[in-house]
Amino acid sequence: MNVYAMAPLIAFSALVQSTVTSHVRIWGASPDLVLMLAVACVLRWGLRPSVPVILAGGVTIDVLTGAPFGTATLCVTAVCVLVSVVDSYAPREATFWPLAAIASATLVYQVFWMVILEMSGRTVLWGPMFVREVLPAVLCNVLAMPILLLILRLWWRRVPAEAVI
Amino acid sequence: MKSKHGWGIAVVLILALILAWLVLDETGRPNPIRNAVSFVVSPMQFALERLARPVRQATSGIGDWFRLRADNDALREENERLRNQIVLLEEARLENETLRRQLDFKSAVPEMTMLPAEVVGRDPNTLLQYLLIDRGSADGIAVSMPVLTDQALVGRISEVSTHSSKVMLITDPSSSVSCLIQRTRATGSVQGYPDNDLVMRYIPQGDTVAAGDVVLTSGLGGNFPKRLLVGQVLRVETSDVEVFQLAHVEPAVNLADLEMVMVLLEFGAGAEEDQ
């Protein structure tokens with residue numbers, strides 16, 4: 001398994017996100033598989049090797065969403081760049097770091113989405129959307145991330161990260 | 001030499017015995033030779049039979065075990081097949097029910113040309129309320145066409161591909177539908193609100209609106225036909241300093257669980273009257 005095998009997986013995850021996990025609602029939000037996988041890849045392999053994965057996930061979301069094309073790709077890429085920058089200063093050995101990373105990544109990702117939607121002329125109700133959509137999304141991803149990481153770690157255990165970068 | 005004679009005598013005796021057996025059988029009387037042989041052989045047969053029974057049971061048990069296993073596999077397979085069939089039949093029944101309701105609705109409003117479509121996906125981001133349906137421009141769908149169920153308005157087509165389309169739900173914050181309160185005819189604009197809710201804005205302060213009032217499309221603007229059910233008023237917010245009232249509306253259909261919808265290809269009368 002290498003980082004490029006994650007590209008089709010993340011594209012498939014976007015489809016799952018659109019069809020299956022969209023029915024799983026925790027306080028009105030659904031787990032954002034694509035964002036979680038992209039962040040997990042950046043934390044594991046760093047930004048540069050993860051770029052194909054990020055783009056594959058972003059483009060697939062763009063195909064499925066009602067937002068202007070490119071919104072998802074732009075947002076997920078920007079968030080992954082931020083995660084990668086912060087990751088270089090963060091205590092990587094700390095167990096809470098992936099959770100802190102996904103919490104802040106979700107927050108920034110959703111705010112980026114709202115900014116782009118606003119700029120493209122869509123109606124954005126900042127207050128209600130932040131309370132009813134963004135905060136539940138943060139909580140939902142924080143709850144789902146440990147499960148996803150557990151599955152990914154079992155899968156990634158076979159190949160050390162250094163062998164891929 | 002003696003042994004050679006002995007063998008000869010034995011053969012002659014056996015042949016004589018067989019001949020006698022045949023002759024006695026032909027007379028129709030009880031055959032004493034058969035009786036004598038039976039007298040000797042039967043107990044031996046009985047004993048051997050008793051001895052052989054466990055062996056036979058064991059061997060037949062092994063055969064049965066293989067047969068039972070094959071039967072079990074076949075029954076399990078059949079059980080799985082039947083269970084799948086039940087699931088498929090249940091799905092078909094539900095689909096049939098939905099289609100029947102849609103057909104009834106279609107017959108009730110002959111001036112509308114509708115196309116049934118299946119929901120194949122939802123927007124991956126919860127900030128947006130969109131559906132993906134399996135019909136596109138090849139089926140005659142165009143942007144802005146209203147989408148509904150047999151019960152109420154769902155949204156409108158926002159993007160069209162050849163074989164699929166995106167539907168902006170009425171609960172999306174960017175959606176706006178001209179509506180009226182059925183009881184008082186008070187008009188306003190129903191807009192999407194986060195978390196699958198609706199709000200009716202721009203209701204003049206003088207108009208009467210109360211919880212439980214039914215909200216219908218007004219047809220103003222020509223984007224949607226008249227008198228389509230939208231939802232029911234949950235609560236009303238009024239303020240002396242505001243020009244308009246605001247009503248929170250509950251959608252008439254659960255938009256999160258939609259499986260089939262209808263795209264309104266043509267609607268003549270309602271909207272044009274209002275324009």
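All values below were derived from every heavy atom in this structure, side-chain atoms included, with hydrogens, water molecules and symmetry-related copies excluded.
- Judged by distance alone, the side chain of Ser174(B) and the main-chain N or O of Thr123(A) form a donor-acceptor pair under 3.5 Å.
- Neither the backbone nor the side chain of Leu35(A) comes within contact range of chain B; no heavy atom of the residue lies under 4.5 Å from a heavy atom of that chain.
- Taking a 6.0 Å sphere around CZ of Arg48(A), one finds it holds 12 or fewer heavy atoms contributed by other residues, nucleotides or ligands.
- Only the side chain of Asp197(B) comes within contact range of chain A, judged by heavy atoms closer than 4.5 Å.
- Here the side chain of Ser18(A) pairs a donor or acceptor atom with the backbone of Arg122(B) at under 3.5 angstrom.
- Per-residue heavy-atom pair counts under 4.5 Å with chain B were compared for Asp32(A), Thr65(A), Thr71(A), Val131(A), and the maximum is reached by Thr65(A).
- At least one side-chain heavy atom of Asn125(B) sits under 4.5 Å from a side-chain heavy atom of Trp113(A).
- Counting heavy atoms of neighbouring residues, nucleotides and ligands inside a 6.0 Å radius, atom CD of Glu97(B) exceeds 12 of them.
- The two residues Val63(A) and Lys166(B) make their nearest non-hydrogen contact at O-NZ, 2.9 Å.
- Counted within 6.0 Å of OH on Tyr202(B), heavy atoms from surrounding residues, nucleotides or ligands total 12 or fewer; the atom is thus considered open.
- Residue Gln191(B) does not touch chain A at all, counting heavy-atom pairs closer than 4.5 Å.
- For the set Leu64(A), Ile61(A), Val34(A), the entry with the most heavy-atom pairs within less than 4.5 Å of chain B is Leu64(A).
- Side-chain atoms of Leu128(B) and Leu117(A), non-hydrogen and from C-beta on, do get closer than 4.5 Å to each other.
- Within a 6.0 Å radius of CZ in Phe69(A), other residues, nucleotides and ligands contribute more than 12 heavy atoms.
- The local environment of CZ in Arg83(B) is sparse, with at most 12 non-hydrogen atoms from other residues, nucleotides or ligands closer than 6.0 Å.
- With a 4.5 angstrom heavy-atom cutoff, Val120(B) touches chain A only via backbone atoms.
- Side-chain contact between Met129(A) and Pro173(B): present, with at least one pair of heavy atoms (C-beta onward) separated by less than 4.5 Å.
- In plain terms, the two heavy atoms of Pro194(B) and Leu125(A) that are nearest each other are CD-CD1, 3.7 Å.
- Other residues, nucleotides and ligands contribute only 12 or fewer heavy atoms inside 6.0 Å of the CD atom of Glu259(B).
- Arg132(A) and Asp195(B) make their closest contact through NH1-CB, 3.8 Å (heavy atoms, listed as atom of the first residue, atom of the second, distance).
- Between Gln110(A) and Leu127(B), the closest side-chain pair of non-hydrogen atoms falls below 4.5 Å.
- In this structure, the side chain of Asp123(B) engages the main chain of Gly66(A) through a donor-acceptor pair within 3.5 Å.
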